[in-house]
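Only a predicted model underlies this, so the values are computations on that prediction, with no experimental measurement involved. Convention: sequence-line order gives letters A, B, ...; per-chain numbering from 1.
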Number of protein chains: 2
Amino acid sequence: MAEVRTSTSPGSSEVTVDGHEGDRWDVLQWDARENCEVRQILDRIADKWSLLVISLLEEKTMRFNELRRAIDGISQRMLTVTLRNLERDGLICRTVYAEVPPRVEYHLTPLGCTLLGTIQSLVRWTEQHQEEIVRARAEFDASAR
Amino acid sequence: MAEVRTSTSPGSSEVTVDGHEGDRWDVLQWDARENCEVRQILDRIADKWSLLVISLLEEKTMRFNELRRAIDGISQRMLTVTLRNLERDGLICRTVYAEVPPRVEYHLTPLGCTLLGTIQSLVRWTEQHQEEIVRARAEFDASAR
DNA sequence: CAGCATCCTAATCGATACTG
DNA sequence: CAGTATCGATTAGGATGCTG
């Protein structure tokens, strides 16, 4: 995950803005493996923290430190970076209230909401199969040495 | 995805498998966002290359270099590491044929197959919304300066 | 409160060389 | 062919200190 725009570079359009090939594949015959654009987006939303942030924002609008506390182990820096990226991608919306002390709230955009189902099923899959995986790992580790 | 960890077992060779040293069981929280175990697994399967590998193996059993060629841009090292991790997690199965030259084939396990639907919907979502995202990014970059 | 800037270490990953 | 081993470069990401 690139950190997006180091300083105020002029064009600031970081990387891979390659043209997309025409999609002449069937619904399931996706060409993601050949499309840098798709790969890069996948990489971002499948990101460790993004996944968590999006699924947290399902329930409600949340403030910065509220998210920070909810996501145990995230540093302030990474939360900032993650939120900024999600905002840039149009998945979440950032609202600043002109108050003292300042209040900033985040919520999913309609686009972000369309991702919820998939992410939830991913999280649910993991919850449901974690023991199976732990078992597989133990077995692998035991036999592979 | 950590690659090599301080090996926890004494006699163990440096298997290139992520250590599970971050696991803290002290608090049994069965919410995915607070469960390190789940988070770690999520992190692995939502990995850039894992996603690609799993979805490629949907269609058929594949050999090492076949996968390598199919996944443009992956290094031999990362393919090895990714496959090893997926195998360890019980998601894919590795079969070595005693031939010369050697042949090694990979295919999804039943557990791996249960992940397919979710991963495909993730990939499909990305494909369907990539232009929307690119547009959002351009807009963000233009205004946020 | 909600950040941004900086420094700096640890982890990731690609390139290269070598093996069964 | 299908890896392993090593090394060097890049990057992620935590810690800290400073703002409005």
Which of these nucleotides, [options], is closest to any side-chain atom of [X]?
X: B:M78; options: C:dG3, D:dG14, C:dG14; answer: C:dG14
X: A:Q76; options: C:dA2, C:dC4, D:dA2; answer: C:dC4
X: A:W49; options: D:dC1, D:dG14, C:dA2; answer: D:dG14
X: B:N65; options: D:dC1, C:dA2, C:dC1; answer: D:dC1

Polar side-chain atom of A:T61 near backbone of A:E105 as donor-acceptor pair, under 3.5 Å
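The answer is no, because no donor-acceptor pair under 3.5 Å joins these two groups.
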Discussion item. Please check this pair: side chain of A:S121 against backbone of B:T118, looking for a donor-acceptor N/O pair closer than 3.5 Å.
Written reply: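 Side chain of A:S121 to backbone of B:T118, a donor-acceptor pair under 3.5 Å: no, none is there.
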Rounding to a whole Å, what distance do you find between [X]:[atom1] and [N]:[atom2]?
X: B:D43; N: D:dG13; atom1: CG; atom2: P; value: 9 Å
X: B:D47; N: C:dT12; atom1: CG; atom2: C1'; value: 11 Å
X: A:Y106; N: C:dC1; atom1: OH; atom2: C1'; value: 11 Å
X: A:M62; N: C:dG3; atom1: CE; atom2: P; value: 14 Å
X: A:I74; N: C:dA2; atom1: CD1; atom2: P; value: 14 Å
X: A:L67; N: C:dC1; atom1: CG; atom2: C1'; value: 14 Å
X: B:L79; N: C:dA15; atom1: CG; atom2: C1'; value: 16 Å
X: B:F64; N: C:dT19; atom1: CZ; atom2: P; value: 18 Å

task: List the atom of B:I119, the atom of B:S55, and the distance in Å for their closest heavy-atom pair.
output: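 Between these two residues, the closest heavy atoms are CG2-CB, 4.2 Å.
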*Minimum heavy-atom separation for A:S50 to A:I45, with atom names?*
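Nearest pair, atom of A:S50 first, then A:I45: CB-O, 3.9 Å.
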[X] side-chain N/O to [N] phosphate OP1/OP2 under 4.0 Å:
X: B:R63; N: D:dC1; value: no
X: B:R68; N: D:dA2; value: no
X: B:R103; N: D:dA2; value: no
X: A:R77; N: C:dA5; value: no

Check against salt bridge (Lys or Arg N to Asp or Glu O under 4.0 Å), B:R84 and B:E87: CA-CA 5 Å; B:R84 204 59 85 240; B:E87 186 196 358; 3.7 Å; yes
Q: Answer yes or no: side-chain N or O of B:E66 and base N or O of D:dC1 forming a donor-acceptor pair under 3.5 Å.
A: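 No, the side chain and the base share no sub-3.5 Å donor-acceptor pair.
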Just wondering, do A:T80 and A:F64 contact through their side chains at under 4.5 Å, heavy atoms?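 Yes, side chains in contact.
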- Query: Taking the side chain as C-beta and beyond, is there a heavy-atom pair between A:H107 and A:I92 under 4.5 Å?
  - Reply: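 When only atoms from C-beta onward are counted, A:I92 and A:H107 do not touch, as no gap falls below 4.5 Å.
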So what does A:Y97 touch, heavy atoms closer than 4.0 Å: a base, only the sugar-phosphate, or nothing?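 The residue A:Y97 makes no contact with any strand.
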Check your understanding: If you pin A:G73 and B:P101 to their nearest nucleotides in DNA chain D, which one's is more 5'?
Key ->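 The residue closer to the strand's 5' end, by nearest nucleotide, is B:P101.
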* Option among B:T82, B:L108, B:L91, B:N85 that satisfies the side-chain contact (heavy atoms from CB on, under 4.5 Å) test with B:V53 ->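 Output: one option passes, namely B:T82.
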_Five-pair end axes of the helix from C:dC1-D:dG20 to C:dG20-D:dC1, angle between them (10°)_ =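 Inter-axis angle at the termini of the helix from C:dC1-D:dG20 to C:dG20-D:dC1: 50°.
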